[in-house]
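Heads up, the thing below is written out as structure tokens.
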Amino acid sequence: MLLCLAYLIYSSSVAAGAQSGIEECKFQFAWDRWNCPERALQLSSHGGLRSGKESIGYHYWDPLTTANRETAFVHAISSAGVMYTLTRNCSLGDFDNCGCDDSRNGQLGGQGWLWGGCSDNVGFGEAISKQFVDALETGQDARAAMNLHNNEAGRKAVKGTMKRTCKCHGVSGSCTTQTCWLQLPEFREVGTYLKERYHKALKVDLLQGAGNSAASRGAIAETFSSISKKELVHLEDSPDYCLENKTLGLLGTEGRECLKRGKALSKWEKRSCRRLCGDCGLAVEERRAEMVSSCNCKFHWCCAVRCEQCRKRVTKYFCIRKEKRERSGGGGASRKLKRKL
């Protein structure tokens, strides 16, 4: 009865959190060869518990062949999304049984400041997310241990990126003392933190011969217990993701858009054409596009907003097979596209 009641109260937040994790995955990998594709990681039509391959918010095509670092990231960011959303909803007053974390209020936090205010209750978010997310792993093999470890890494990422906010106290704002509390960061910061962990993910060589015997379970538990809970772990190497693989639901990089130039591009984004096209044996095709968007909007009394339609010429770049480029006459030709925003 208690489990059913908890499910009814928290299930919508859990599903929303898993979805936010997947959306963050797509953002973080937008210009990578593996870009968190729908075919490789299908969103579930429900937010319930999984049976077999299904899970809260997502499921995998084949759990035996996807124990790589991308799967590790998906587990971590989804677990983080669930914990983050539960914590945020607690702070917003969506749950009757949850409020501020004031367990340290009044204690000395550091030189010149005390704990106080209303800290986001990550302890609540962590506990409930464990009940929902970790409960999905019913096995005791290496894959289950990997998933549980990465789930915990996602929760550690939320706690590790929280921000301390302070308020001054004293005569005429002299800030003689401060009271401080912890707040959730923007979820983008959690995603960026986990993306850095993804690049440093550790490979654990336990897949072959790691079954469900008592000896195997003991070896698995000992191995994972020696690894920091903040680290992402995987059991298999990843494919290069250049080529299409229908079995794994991989589309390859042919036809993908990449970035060459533009304001405020990161080094990773600027190198996307080389990474997605050149390193995969593909050529880069330049295409000219006309973007139509609303502009110069004005409010008219009463009560309408009227906008002009502005057109802007932009250049986009796409990965194509070299033979296609040669047939089209080399790199000089460009295609015209019309898009309306």
Side-chain angles (χ1 to χ4, degrees), residues 2-4 6-7 10-11 14-15 17-18 21-22 25 40-44 46-83 86 123 125-159 194 197-198 200-239 247-249:
L2 290 175
L3 287 174
C4 290
Y7 179 82
Y10 305 126
S11 59
V14 170
I22 297 307
C25 176
L41 187 140
Q42 289 190 329
L43 297 181
S44 175
H46 58 82
L49 300 177
R50 79 176 177 182
S51 173
K53 298 179 184 178
E54 295 180 2
S55 68
I56 296 176
Y58 56 88
H59 72 271
Y60 302 99
W61 282 103
D62 187 349
L64 296 178
T65 58
T66 57
N68 52 37
R69 68 175 65 218
E70 288 73 39
T71 300
F73 182 87
V74 168
H75 270 271
I77 196 66
S78 299
S79 175
V82 171
M83 175 177 169
L86 284 164
E126 181 179 32
I128 301 302
S129 65
K130 276 186 178 181
Q131 292 181 24
F132 276 82
V133 180
D134 286 6
L136 305 176
E137 299 302 331
T138 57
Q140 296 182 348
D141 57 1
R143 177 59 190 274
M146 167 191 155
N147 292 346
L148 289 171
H149 185 100
N150 292 317
N151 290 347
E152 182 63 21
R155 291 188 287 267
K156 292 289 187 186
V158 175
K159 296 178 76 172
L194 285 173
R197 293 290 178 183
Y198 160 85
K200 301 175 183 178
L202 303 176
K203 184 181 179 183
V204 180
D205 293 317
L206 274 177
L207 190 60
Q208 297 297 326
N212 277 315
S213 67
S216 292
R217 292 196 298 270
I220 292 169
E222 182 179 356
T223 299
F224 280 94
S225 66
S226 66
I227 303 172
S228 169
K229 297 297 185 182
K230 296 180 180 180
E231 303 294 339
L232 298 188
V233 297
H234 60 103
L235 306 178
E236 299 177 352
D237 293 325
S238 301
T247 302
L248 296 178

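Along the sequence shown, residues are numbered consecutively beginning with 1. Keep in mind that this is a model prediction, so the values were computed, not measured. Heavy-atom basis, side chains included; hydrogens, waters and symmetry copies ignored.
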Are any side-chain N or O atoms of Ser226 and backbone N or O atoms of Thr223, one a donor and one an acceptor, separated by less than 3.5 Å?
yes

With sequence neighbours excluded, tell me which residues meet side chain to side chain contact (heavy atoms under 4.5 Å, CB included) with [X].
| X | answer |
| --- | --- |
| Ala153 | Leu232 |
| Ser228 | Lys230, Glu231 |
| Leu148 | Asp134, Glu137, Asn151 |

Go through the structure and list residues passing salt bridge (charged side-chain N to carboxylate O under 4.0 Å, His left out) with [X], not counting sequence neighbours.
| X | result |
| --- | --- |
| Glu126 | Lys159 |
| Lys203 | Asp205, Asp237 |
| Arg69 | none |

For the student: nearest non-hydrogen atoms of [X] and [Y], plus distance:
| X | Y | answer |
| --- | --- | --- |
| Val14 | Val82 | O-CG2, 3.5 Å |
| Gly139 | Ala144 | O-CB, 3.4 Å |
| Asn68 | His234 | C-CB, 3.4 Å |
| Ala80 | Gly154 | CB-O, 3.3 Å |
| Ile220 | Asp141 | CD1-C, 3.7 Å |
| Met83 | Ser129 | CB-OG, 3.8 Å |

Inter-residue atom distance Leu136.CG - His75.NE2, 0.5 Å rounding:
8.5 Å

Contacts of Glu70 that satisfy side-chain hydrogen bond (donor to acceptor under 3.5 Å, both in side chains) - sequence neighbours left out:
Tyr198, Ser238, Tyr241

According to the interplanar angle, ranging from 0 to 90°, do the rings of His149 and Phe224 count as parallel (below 30°), tilted (30 to 60°) or perpendicular (above 60°)?
tilted

With respect to Asn150, which candidate in Val74, Val233, Ile77, Thr71 satisfies the side-chain contact (heavy atoms from CB on, under 4.5 Å) definition?
Val233

